[in-house]
Amino acid sequence: MNLYEQWENRVKNIKTQAEYDKYWKNYFEKEKNAYEKILEKKHNVLCGKVNELAESFNMSPVDFAGFVDGINTSLLESIDLNSLSEESEIKMEIDFEKLYYNMLDAKADWLYNLPQWDGILSAERRQEITKEYRRSKIAVSNKVGRNDPCPCGSGKKYKKCCGKN
């Protein structure tokens with residue numbers, strides 16, 4: 001069984017709500033510490049064996065597989081999670097703007113509010129990314145309203161033109 005399958009099984013096999021809460025609280029603390037290190041050192045490229053990288057972030061290789069799953073959509077080239085083993089050599093090139101956006105999307109305020117972001121993205125750029133994120137979540141309807149201009153280009157209201165019947 002590969003590391004990612006072990007990660008999935010570990011999460012699925014949590015029995016009680018108390019165990020679930022305890023596990024995720026512990027994991028999120030490890031995740032936060034990992035991102036603090038990455039952002040502090042401005043490392044946008046992480047290379048090495050999975051077990052060595054996991055150790056450098058004080059994680060087990062199985063928890064590190066979960067970390068890779070979380071950061072995977074923020075990498076320039078995604079990692080094949082199903083091929084991960086402790087001896088796998090990986091290279092993770094992080095797109096910091098995409099990472100910040102994805103943290104907003106995950107509603108991970110403990111991550112996108114880290115002070116270490118100051119050395120990576122300016123406050124203005126983070127605000128722009130936040131605006132882009134919020135805009136992307138606004139529902140837009142393609143439905144033409146009765147009093148909107150007709151899409152045929154006649155210049156009439158829809159209700160007086162193509163929407164008459």
Novice: When you compare the side chain of Leu76 with that of Met92, does any pair of heavy atoms fall below 4.5 Å?
Specialist: no
Novice: Tyr101 and ring-ring contact (aromatic ring centres under 6.0 Å, His included): which single residue from Tyr133, Phe96, Tyr112 fits?
Specialist: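 Of all the options given, the one that passes is Tyr133.
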Novice: Please check if the number of heavy atoms outside Lys159 that lie under 6.0 Å from its NZ is greater than 12.
Specialist: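 Correct, the count exceeds 12.
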Novice: Does Glu29 use its side chain to pair, donor to acceptor, with the backbone of Lys25 at less than 3.5 Å?
Specialist: no
Novice: Could you report the tightest heavy-atom contact between Met1 and Gln6, atom names first, then the distance?
Specialist: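 The pair with the smallest heavy-atom distance is O-NE2, 3.1 Å.
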Novice: Just how far is it from atom NZ of Lys157 to atom CZ of Arg146, taken to the nearest 0.5 Å?
Specialist: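 Interatomic distance, Lys157 NZ to Arg146 CZ, rounded to 0.5 Å: 9.0 Å.
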Novice: With Cys162, which residues qualify under side chain to side chain contact (heavy atoms under 4.5 Å, CB included), at least two apart?
Specialist: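 For Cys162, the residues satisfying side chain to side chain contact (heavy atoms under 4.5 Å, CB included) (neighbours in sequence not counted) are Cys150, Cys152, Tyr158.
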Novice: Hey, does the side chain of Arg126 reach the backbone of Leu121 with a donor-acceptor pair shorter than 3.5 angstrom?
Specialist: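 Flag set: sc Arg126 to bb Leu121 pair under 3.5 Å.
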Novice: How long is the span from the CG atom in Leu75 to the CD atom in Glu93, to the nearest 0.5 Å?
Specialist: 8.5 Å
Novice: State, with a plain yes or no, whether a side-chain heavy atom of Trp117 is found less than 4.5 Å away from one of Met103.
Specialist: yes
Novice: Test Asn72 against Ser78 for side chain to side chain donor-acceptor pair (under 3.5 Å), laying out the working first.
Specialist: CA-CA 5 Å; Asn72 216 5; Ser78 63; 4.6 Å; no
Novice: Got a salt bridge between Glu132 and Arg125, using NZ or NE/NH1/NH2 to carboxylate O under 4.0 Å?
Specialist: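 Judged by the 4.0 Å cut-off on N to carboxylate O distance, Glu132 and Arg125 do form a salt bridge.
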Novice: Closest heavy-atom contact between Ala65 and Leu81?
Specialist: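 Closest approach of Ala65 to Leu81, heavy atoms only: O-CD2, 4.3 Å.
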Novice: With distance as the sole test, does Asn113 use its side chain to make a donor-acceptor pair with the main-chain N or O of Asp109 at under 3.5 Å?
Specialist: yes
Novice: Please step through side chain to side chain contact (heavy atoms under 4.5 Å, CB included) for the pair Val11 and Trp24, ending with a clear verdict.
Specialist: CA-CA 9 Å; Val11 173; Trp24 284 108; 3.7 Å; yes
Novice: Which distance, rounded to the nearest 0.5 Å, do you find between the CZ of Phe67 and the OH of Tyr27?
Specialist: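 Spacing of CZ (Phe67) from OH (Tyr27) equals 6.5 Å.
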Novice: Measuring only between side-chain heavy atoms, which start at C-beta, is Gln116 closer than 4.5 Å to Tyr35?
Specialist: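 Answer no - side chains too far apart.
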Novice: Any side-chain heavy-atom pair from Phe28 and Leu111 closer than 4.5 angstrom?
Specialist: no
Novice: Can you list, pair by pair, the side-chain donor-acceptor contacts under 3.5 Å of residues 39-59, counting residues two or more places apart and other chains?
Specialist:
| residue | atom | partner | partner atom | Å |
| --- | --- | --- | --- | --- |
| Lys49 | NZ | Glu87 | OE1 | 3.1 |
| Asn51 | ND2 | Glu87 | OE2 | 3.2 |
| Ser56 | OG | Leu53 | O | 2.7 |

Novice: Could you measure the distance from the CG atom of Leu114 to the CG atom of Asn33? Nearest 0.5 Å is fine.
Specialist: 9.5 Å
Novice: For the pair Asp148 and Lys143, find out whether any cationic side-chain nitrogen is under 4.0 Å from an anionic carboxylate oxygen.
Specialist: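 So Asp148 does not pair with Lys143 through a salt bridge.
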Novice: Got a second to check how far Tyr20's OH is from Gln17's CD, nearest 0.5 Å?
Specialist: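 One gets 7.0 Å once the value is rounded to the nearest 0.5 Å.
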Novice: Side chains of Thr16 and Glu19, heavy atoms from C-beta outward: is any pair under 4.5 Å?
Specialist: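 Contact flag for Thr16/Glu19 side chains = yes.
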Novice: Check the surroundings of atom OH in Tyr23: do more than 12 heavy atoms from other residues, nucleotides or ligands lie under 6.0 Å from it?
Specialist: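 Atom OH in Tyr23 is packed in, count exceeds 12.
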Novice: Could you give the distance from CD1 (Ile94) to OG (Ser74), rounded to the nearest 0.5 Å?
Specialist: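 Result: 8.0 Å between the selected atoms.
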Novice: Quick one: do Leu99 and Thr73 satisfy side chain to side chain contact (heavy atoms under 4.5 Å, CB included)? Show the steps, please.
Specialist: CA-CA 8 Å; Leu99 178 62; Thr73 57; over 6 Å; no
Novice: Under a 4.5 Å cut-off applied to non-hydrogen side-chain atoms, are Ser136 and Lys131 in contact?
Specialist: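 Counting from C-beta outward, Ser136 and Lys131 never come under 4.5 Å.
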Novice: Between Val68 and Leu3, is there a side-chain heavy-atom distance shorter than 4.5 Å?
Specialist: no
Novice: Looking only at non-hydrogen atoms, find the nearest pair between Asn82 and Asn2 and report the distance.
Specialist: O-ND2, 2.7 Å
